[in-house]
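Below is one structure, written out as structure tokens; the observations come after it.
All values derive from a computational prediction rather than experimental measurement.
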Amino acid sequence: MAENTRTSPRDFVSEVVEQVKKVTWPDRAQLQSSTGIIVGFMLAMGAIIFGIDTVVRTVLDAVSSLFAS
């Protein structure tokens, strides 16, 4: 479990800098590939949500027209 002791802001920043130095950062090619995958996924999800929204709206309009006078 984590210790309940407090660290000073200086110690905290020092530890953060130490941990950031350990990070393996992606190169430009990896970053572009990942960005392309994410953009493609978001476009696909947007299209799916748009389709579901259109179907639900059509069904609700049909149901509400049954009760309209």
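F67 and L60 sit in two unconnected hydrophobic clusters of ILVMFWY residues. Membership requires side-chain heavy atoms under 4.5 Å apart, directly or through other members. In terms of hydrophobic clustering, with Ile, Leu, Val, Met, Phe, Trp and Tyr side chains grouped at heavy-atom distances under 4.5 Å, I52 and M45 are assigned to a common cluster. Placement of V16 and V23 within a single hydrophobic cluster is found when ILVMFWY residues are connected by side-chain heavy-atom separations under 4.5 Å, directly or transitively. Linking Ile, Leu, Val, Met, Phe, Trp and Tyr whenever their side-chain heavy atoms come within less than 4.5 Å leaves F41 and F50 in two separate clusters.
By the side chain to side chain contact (heavy atoms under 4.5 Å, CB included) test, M42 is found to be paired with I38, residues two or more places apart in sequence or in another chain being considered. Annotation: side-chain hydrogen bond (donor to acceptor under 3.5 Å, both in side chains) contacts of S8 (sequence neighbours excluded): D11. Legend: residues meeting side chain to side chain contact (heavy atoms under 4.5 Å, CB included) with I49, ordered by chain and number and at least two apart, are absent.
Note: E18 CD to E15 CD = 7.0 Å, rounded to the nearest 0.5 Å.
A salt bridge links D53 with R57: the closest approach of a Lys/Arg side-chain nitrogen to an acidic carboxylate oxygen falls below 4.0 angstrom.
Judged purely by atom type and a 3.5 angstrom limit, S14 has no side-chain atom pairing as donor or acceptor with the backbone of R10. Of the possible polar contacts, none joining the S34 side chain to the L31 backbone as a donor-acceptor pair under 3.5 Å is found. Between the side chain of S33 and the main chain of A29, no donor-acceptor pair closer than 3.5 Å is present.
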